[in-house]
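Report on the structure given below.
This chain uses plain numbering: 1 for the first residue, then up along the sequence.
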Amino acid sequence: MEMWMLVGELMRARAREYLASSPLSPEAMPGLRPPATPAQIGALEALAGQPLDPAYRSFLSLTDGLDGFQYTMPLLGCRDWGSPERSALASMFRDIVLESGPLDEVGLPEETHVFPVFVNAEGSAGVLMLHHGDDAAERFWWTGAGDNMFFHTFRDSSPT
């Protein structure tokens, strides 16, 4: 058995133990995936039109996304962009956010590139990866239900 598979099984067992005493149901347990290849990560970076946050890149090299996370808000991986359902929902969320008001209303420059990394099942909330220059302090923007929150890194925006 390969090491990543062993680690995955160990994490699943620990998650089941935690969820057994948690108000969450076992169906909400995070689902690990096989890691993304360097080529897949490079293709995602090209699709995003921006450099990937180093922690997000590292995460994808361990598990290409995560299901059953944050109450049905999957953390999108490279392979999700090959899924018509997930990529359409993520693109729709991004487009709605961009069309609902200028980026400068939340303090972002007009030339900011935005790319979804989390989107809930309804497409009403999510986290967008931002890029608007090398010196940008915030790289991730959680938005939904009229609320906004900014994070410096991928690690800050998620409990991973």
Compare every heavy atom of Trp81 with every heavy atom of Ala90, then report the nearest pair and how far apart it is.
->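 Answer, listing the atom of Ala90 first, then Trp81: CB-CH2, 3.5 Å.
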
Reference residue Gln50; test side chain to side chain donor-acceptor pair (under 3.5 Å); the match among His113, Arg139, Glu45 =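 Looking at His113, Arg139, Glu45, the match for Gln50 under the side chain to side chain donor-acceptor pair (under 3.5 Å) is Arg139.
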
Answer whether the closest heavy-atom distance between the side chains of [X] and [Y] falls below 4.5 Å.
{"X": "Met92", "Y": "Leu89", "result": "yes"}
{"X": "Ile41", "Y": "Ser61", "result": "yes"}
{"X": "Phe150", "Y": "Leu108", "result": "yes"}
{"X": "Pro35", "Y": "Phe59", "result": "no"}
{"X": "Leu75", "Y": "Tyr56", "result": "yes"}
{"X": "Leu60", "Y": "Leu52", "result": "yes"}

Spacing of Cys78 atom SG and Arg33 atom CZ [to the nearest 0.5 Å] |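 Going from the SG atom of Cys78 to the CZ atom of Arg33 covers 9.5 Å.
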
Tell me, yes or no, whether the heavy-atom count around Met149 atom CE, taken from other residues, nucleotides or ligands under 6.0 Å, exceeds 12.
->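 No, CE of Met149 has 12 or fewer neighbouring heavy atoms, counting only those of other groups under 6.0 Å.
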
Exceeds 12 heavy-atom contacts within 6.0 angstrom, atom CD of Glu111 |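 Yes.
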
Apply the test side chain to side chain contact (heavy atoms under 4.5 Å, CB included) to residues Glu138 and His152: give CA-CA distance (whole Å), side-chain angles for both, the deciding distance (0.1 Å), then the verdict.
-> CA-CA 4 Å; Glu138 285 88 14; His152 297 288; 4.0 Å; yes

No-hydrogen, no-angle side-chain donor-acceptor test under 3.5 Å, Asn120 and Ser124 |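 Their side chains do contain a donor-acceptor pair, which is all the 3.5 Å distance test asks for.
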
Should Leu130 and Phe140 be marked as a side chain to side chain contact (heavy atoms under 4.5 Å, CB included) after you check the CA-CA gap, both sets of side-chain angles, and the distance that decides it?
-> CA-CA 6 Å; Leu130 307 171; Phe140 294 89; over 6 Å; no

Hey, does the side chain of Ser91 reach the backbone of Ser87 with a donor-acceptor pair shorter than 3.5 angstrom?
->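 Confirmed, Ser91 side chain pairs with Ser87 backbone.
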
Hey, does the side chain of Glu99 reach the backbone of Ile96 with a donor-acceptor pair shorter than 3.5 angstrom?
->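 Here the side-chain-to-backbone pair does not exist.
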
Which residues satisfy the side-chain contact (heavy atoms from CB on, under 4.5 Å) test with Thr143, sequence neighbours excluded?
->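 For Thr143 the side-chain contact (heavy atoms from CB on, under 4.5 Å) partners, ignoring immediate neighbours, are Phe93, Val97, Leu128, Trp141, Asn148.
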
Among Val127, Leu44, Leu76, which one satisfies side chain to side chain contact (heavy atoms under 4.5 Å, CB included) with Phe115?
->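 When side chain to side chain contact (heavy atoms under 4.5 Å, CB included) is applied between Phe115 and each of Val127, Leu44, Leu76, only Leu44 qualifies.
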
